[in-house]
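Have a look at the structure below before the remarks.
Start at 1 and go down the list; that is how both ligands and their atoms are numbered. Only this structure's heavy atoms are used, side chains among them; waters, hydrogens and symmetry mates stay out.
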Amino acid sequence: MTATADPVTLMKQEVGKAAAALVKSGSIVGLGTGSTTAYTIQFLGDRLKSGELKDIVGIPTSFQSEVLAKKYGVPLTTLDAVDHIDIAIDGADEVDPQKNLIKGGGAAHTREKVVDYLAAQFIVVVDSGKLVDRLGSSFPVPVEVIPMAITPVTNAIKQLGGKPELRMGVKKAGPVITDQGNFVLDVRFDSIDDPVNLEKTLNNIPGVLENGIFVNCADLVLVGEVKDGQPLVREL
Ligand SMILES: O=C(CO)[C@H](O)[C@H](O)COP(=O)(O)O
């Protein structure tokens, strides 16, 4: 852990490590996506290397987590080869007081929702900046859309009162393409009063594959904070 890291990096490292410490030998582990879970995967690799953790297999939620698992020596499997997931560890872009989430900042929410919802225990790892009073306050809702339907889906979301924006690549010309080969709309809503219903409504639009509202699924939310320059982890 780099001592001179900026506070947010320190929080991510600390909370990622704390979640990795909860994984028991012999577990089937859902490996989340994003910069916080990247530390979890790294620390799982460290625990395996030390011999303190044994016989785990990971199920990646993206090409990113698959690459990181290979880099750090976490063995991988697929949903075809297991009949359950013991624990999933994943990040979030927003967490409300009811532990509902907005995810999809890394455009991986479709596979994440499959794995995170299947897990017997779903642990969320965030830095304290992700905590909000109400979903949608600071982060738009990502919606994965099949390319041929982008126009009718955009119009349907506008009808719902959303403000959809096609997510464009940074080091890639044109739109972001998900691991499934689809587009992502980032949708701002004035306020999300009923995330349970909005999650269903968005997924019911023909052409929508998955949205980033995760409701009633997180068992534990670990929050990384920095107090007097020292990183610490608390449960929400
Ligand atoms: O949902 C996700 C990716 O689709 C990530 O878990 C979420 O964006 C948080 O990422 P980070 O830990 O880098 O802030």
Go through the side-chain N and O atoms of [X] and [Y] and say whether any donor and acceptor fall under 3.5 Å apart.
X	Y	value
T201	N204	no
D219	Q121	no
K54	S25	no

- Would you verify whether the NZ or CZ of R111 falls within 45 degrees of the ring axis of F63 while also being under 6.0 Å from that six-membered ring's centre?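 Judged by the rule, R111 and F63 form a cation-pi pair.
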
- Message: When you compare ligand 1 with E112, is there at least one nitrogen or oxygen pair between them that comes in under 3.5 angstrom?
- Response: yes

- Item | Any N/O pair G106/ligand 1 closer than 3.5 Å | yes

- Item | A92 and ligand 1 - part of the residue with a heavy-atom distance under 4.0 Å |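 Contact part for A92 vs ligand 1: backbone (N, CA, C, O).
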
- Task: Heavy-atom distances under 4.0 Å are what count here, so tell me which part of A107 touches ligand 1: side chain, backbone, both or neither.
- Result: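 Backbone only.
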
- Message: Please check: side-chain N/O of E210 versus main-chain N/O of E144, any donor-acceptor pairing under 3.5 Å?
- Response: no

List every atom of ligand 1 that sits less than 4.0 Å from any heavy atom of [X], numbering the atoms from 1 in the order shown and giving each element.
X	value
D90	6 (O)
G104	1 (O), 2 (C), 4 (O)
K12	11 (P), 12 (O), 13 (O), 14 (O)
A108	4 (O)
G91	6 (O)
K103	1 (O), 2 (C), 5 (C), 6 (O)

- Fit a plane to each ring of F122 and F214, take the angle between them on a 0 to 90° scale, and name the class: parallel (under 30°), tilted (30 to 60°) or perpendicular (over 60°).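 Aromatic pair F122/F214 classed tilted.
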
- Query: Does G32 reach ligand 1, in the sense of a heavy atom lying below 4.0 Å from it?
  - Reply: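 It does not, in that no heavy atom of G32 comes within the 4.0 Å cut-off of ligand 1.
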
- Hey, looking at atom 14 (O) of ligand 1, which of E94, Q64, K130, E144 has the closest heavy atom? K130

- Looking only at non-hydrogen atoms, which of V8, T110, T33, D179 approaches atom 5 (C) of ligand 1 most closely?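 Among V8, T110, T33, D179, the closest heavy atom to atom 5 (C) of ligand 1 comes from T33.
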
- Could you tell me whether M148 atom CE has more than 12 heavy atoms of other residues or ligands within 6.0 Å of it? no

- Message: Just so I know, are the side chains of I89 and V125 near enough to count as touching, which here means a heavy-atom distance under 4.5 Å?
- Response: yes

- Query: Heavy-atom distance under 4.5 Å between the side chains of I150 and L185, does that happen here?
  - Reply: yes

For [atom], closest protein heavy-atom neighbour:
atom	answer
atom 11 (P) of ligand 1	S35 OG, 3.5 Å
atom 12 (O) of ligand 1	T36 OG1, 2.7 Å
atom 10 (O) of ligand 1	G34 CA, 3.9 Å
atom 8 (O) of ligand 1	D93 OD1, 2.8 Å

- Calculate, to the nearest 0.5 Å, the distance between atoms CD1 and CG belonging to I41 and D46 respectively.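 Those atoms lie 12.0 Å apart.
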
- Message: T37 and side chain to side chain contact (heavy atoms under 4.5 Å, CB included): which single residue from I123, V15, D90 fits?
- Response: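 Among the candidates, only D90 passes.
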
